Structures are given as C-alpha cells and as structure tokens.
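Heads up: the structure comes next, in structure tokens.
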Amino acid sequence: MSQDAIVVLDFETTGLSPLQGDRAIEIGAVKLQQGVVVDRFQQLMNPGFAVSSFIADYTGITNAMLSDAPSCETVMADFADFIQGCHLVAHNASFDQKFLTAEFARIDLEQSQPFACSLLLARRLFQAVPNHQLGTLVNYLGIANDGVFHRALNDAEVTGALWLALSDAVSQRWACPAPSFELMLKLQRQPKHQLEKFMRAYLG
DNA sequence: TGCCAGGCCCTCTTTAGGGCCTT
C-alpha cells in the first residue's frame, strides 16, 4: 500500500479507559486512497467478559453478538496487517489511539503510524458548528449516512467523509491544492488564532 | 473507604478550574 493511503478507524469499547481494564469490542475502518474508499475492515471481537448494559444500549452490541466473535488478539493481528504502511485518522484520535496502542501491546505490536484527529481539525476549520460531536458535524456538513451511529464501520465511514470535507475546506479557504496528511497534522496543532499566519507562511 | 480517563482548550489563566469529546 502506498504511503499516502489513509485508514480512518473507529473503536467500540467496553468503556473509556484501557488502563481501567476496558477492551475493544469492535473495530471499523475505511482505507482512503486519493480521496476514494478502496477498502474496508469491520470486526466484532470478544473481550473475554460481559459488556455493561450501558455499552450494549449505547452501541447496540450485545453479549450474545460477542459470544462467538473471535478474540481481540486475533482481530487486532488482522487489523495490524490492514493498516500497515498507512497514515491513521480518527474522531477524537486520542481515544482510539490509546485503545489501538493497548490492544497492540497485548500481542507485542507497537502503534507507530502518525495519527491525525478530525475533532481537532474540525474545531479549527468549522468554528460555526454548535459542537464538534461526530453526529453534529455529519448533519451540519450534509454527509450521507444511514442514521446509525456508535457502530464502528458506520462511524468510520462518516469520519472518512468528514476527513475529505476538512481537506476540501483547507483547499477552498486558502485556495491551495489538496493538503497533504503532514500539513493536516501540522494544522491540528496550530492554535486557532494562528491558523492564518501559519498557512500564509506555509504557502509562501 | 472511596475513588475511578485523559488530552485539548478556553478563560474570570499560567500558583486553576471546568467544558468538550471519545465508549
């Protein structure tokens, strides 16, 4: 896979913190190549314990659905192959990155790819939106969806579309070609009030 | 016993507090 491929991913999990014992229960991802979805990955995985009623309600993923799912270790090994050589994107990437790092560590793998965050970019580029939850941004931007949120592949699909909208927003606002992944990484780290200054310097 | 995430970002800030976002 060429180095400019981007995997947009989303985890469903048993809770908020792998350090508190939470595990992944589903991974969904789309692979983008030059702005087009060229591959997809979706898999439930059995965390080895029952999920809470809150998580079952929140995600729609029940213990019955997980009972015959493969283990996290098996799924994450396959997912490591899927993302090899790709840049990574997620909405609130710090959340997905900590679960990816934790699940990989259990099978002696390291997560080393650059990881961009559509939440941080949206806060900088779409400041008029009431909030920057994924669902709000999807509705605000008119991104096609089937109304199902909190399932991994669905969220990854719309986050992929959000990523392309963010890229288009940069191109239109600064009348420049489609930004590289590296430029998006730099933009997400700029203080809001320095975006214009940063881009003027970047574009020369 | 009681506690229980953590990074980002704003502001009535920086010797801090609290909202936002993810499950």
Side-chain angles (χ1 to χ4, degrees), chain A residues 7-30 41-63 65-66 69 72 75-76 79 83 88-106 111 113-141 143 145 147-163 165-166 184-198:
Chain A
V7 168
V8 184
L9 64 96
D10 182 70
F11 276 108
E12 304 306 318
T13 70
T14 64
L16 292 171
S17 174
L19 291 179
Q20 300 290 322
D22 289 317
R23 299 295 303 273
I25 55 174
E26 188 180 40
I27 179 71
V30 296
F41 189 103
Q42 180 183 31
Q43 186 63 59
L44 291 168
M45 52 193 126
N46 191 326
F49 56 88
V51 302
S52 67
S53 58
F54 171 82
I55 292 298
D57 290 343
Y58 187 81
T59 65
I61 299 170
T62 64
N63 286 301
M65 293 165 65
L66 297 173
C72 296
V75 173
M76 295 313 297
F79 191 63
I83 67 174
L88 303 178
V89 171
H91 197 66
N92 197 17
S94 66
F95 175 85
D96 293 278
Q97 185 167 26
K98 69 184 178 183
F99 273 95
L100 185 61
T101 298
E103 293 294 347
F104 271 11
R106 289 173 175 269
Q111 189 275 306
Q113 290 101 319
F115 215 134
C117 179
S118 57
L119 169 64
L120 295 181
L121 283 160
R123 282 176 173 164
R124 286 159 176 75
L125 296 170
F126 300 138
Q127 296 188 31
V129 192
N131 63 63
H132 297 86
Q133 296 172 21
L134 183 59
T136 301
L137 288 162
V138 165
N139 290 328
Y140 177 84
L141 295 167
I143 291 173
N145 70 92
V148 175
F149 287 96
H150 309 306
R151 283 301 299 269
L153 183 58
N154 289 291
D155 284 5
E157 295 268 10
V158 294
T159 303
L162 170 59
W163 175 260
L166 289 161
M184 297 292 265
L185 269 182
K186 290 177 180 173
L187 271 175
Q188 79 176 36
R189 296 174 185 137
Q190 298 303 312
K192 286 179 190 174
H193 63 279
Q194 290 185 9
L195 279 186
E196 294 296 336
K197 179 181 177 183
F198 169 80

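Values reported hereafter were calculated over all heavy atoms of this structure, with side chains retained and with hydrogens, waters and symmetry mates removed. In what follows, every chain begins at residue 1, and chains take the letters A, B, ... in the order their sequences are listed. All of these numbers come straight from a predicted model, not from anything done at the bench.
B:dT1 sits 25 Å from B:dG6 when the C1' atoms are compared, rounded to a whole Å. Rounded to a whole angstrom, the distance from the P atom of B:dG19 to that of B:dC4 is 15 Å. Going from the C1' atom of B:dC8 to that of B:dC3 covers 24 Å, rounded to whole Å. Using atom C1' as the reference point in both B:dC12 and B:dG17, the two lie 11 Å apart (nearest Å). Taking atom C1' on both nucleotides, B:dG2 is separated from B:dC20 by 27 Å, rounded to a whole Å. Spacing between B:dT13 and B:dG18 at atom C1', rounded to whole Å, works out to 12 Å.
Contacts classified as side chain to side chain donor-acceptor pair (under 3.5 Å) and involving residues 42-54 of chain A (residues at least two apart or in different chains) are given here: A:Glu26-A:Gln42.
Remark: A:Tyr58 pairs with A:Phe54, A:His150 by the ring-ring contact (aromatic ring centres under 6.0 Å, His included) rule, at least two apart or across chains. Checked against side-chain hydrogen bond (donor to acceptor under 3.5 Å, both in side chains), A:Thr13 has no partners two or more places apart in sequence or in another chain. With sequence neighbours excluded, the residues satisfying side-chain contact (heavy atoms from CB on, under 4.5 Å) with A:Ala93 are A:Ala90, A:Phe115, A:Cys117. Residues meeting the side-chain contact (heavy atoms from CB on, under 4.5 Å) test with A:Lys186, sequence neighbours left out: A:Phe198. Remark: A:Tyr140 pairs with no residue by the ring-ring contact (aromatic ring centres under 6.0 Å, His included) rule, at least two apart or across chains. Qualifying side-chain contact (heavy atoms from CB on, under 4.5 Å) partners for A:Ala122, counting only residues two or more places apart in sequence or in other chains: A:Phe126, A:His132, A:Leu137, A:Leu166. In this structure A:Gln133 satisfies the side-chain contact (heavy atoms from CB on, under 4.5 Å) test together with A:Asn131, A:Thr136, sequence neighbours excluded. A:Glu12 pairs by the salt bridge (charged side-chain N to carboxylate O under 4.0 Å, His left out) definition with nothing, not counting sequence neighbours.
Counting non-hydrogen atoms under 4.0 angstrom, A:Lys98 reaches a base of the nucleic acid. Residue A:Asp10 is in sugar-phosphate contact alone, with no base atom involved, counting any heavy-atom pair closer than 4.0 Å across all strands shown. Here A:Asn131 lies in heavy-atom contact (under 4.0 Å) with sugar-phosphate atoms only. Here A:Asp155 lies in heavy-atom contact (under 4.0 Å) with sugar-phosphate atoms only. At a threshold of 4.0 angstrom between heavy atoms, the contacts of A:Ile25 with the nucleic acid are absent.
In summary, contact between chain A and DNA chain B, defined as any nucleotide atom under 4.0 Å from a heavy atom of the protein, begins and ends at B:dC4 to B:dT23 in the 5' to 3' direction.
Non-hydrogen atoms lying under 4.0 Å from DNA chain B are contributed by A:Glu12, A:Thr13, A:Gly15, A:Leu16, A:Ser17, A:Leu19, A:Gln20, all within residues 12-20 of chain A. Proximity of residues 42-56 of chain A to DNA chain B (heavy atom under 4.0 angstrom from any strand atom) is restricted to A:Phe54, A:Ile55.
Ring geometry for A:Phe11 against A:Phe79 counts as perpendicular: the plane angle is over 60°, on a 0 to 90° scale with 30° as the lower cut.
Between the side chains of A:Ser118 and A:His91, at least one donor N or O sits under 3.5 Å from an acceptor N or O. If you check the side chains of A:Thr14 and A:Asp22, you find a donor sitting under 3.5 Å from an acceptor.
Residue order along DNA chain B, read from the 5' end via each residue's closest nucleotide, puts A:Arg124 first among A:Arg124 and A:Leu119.
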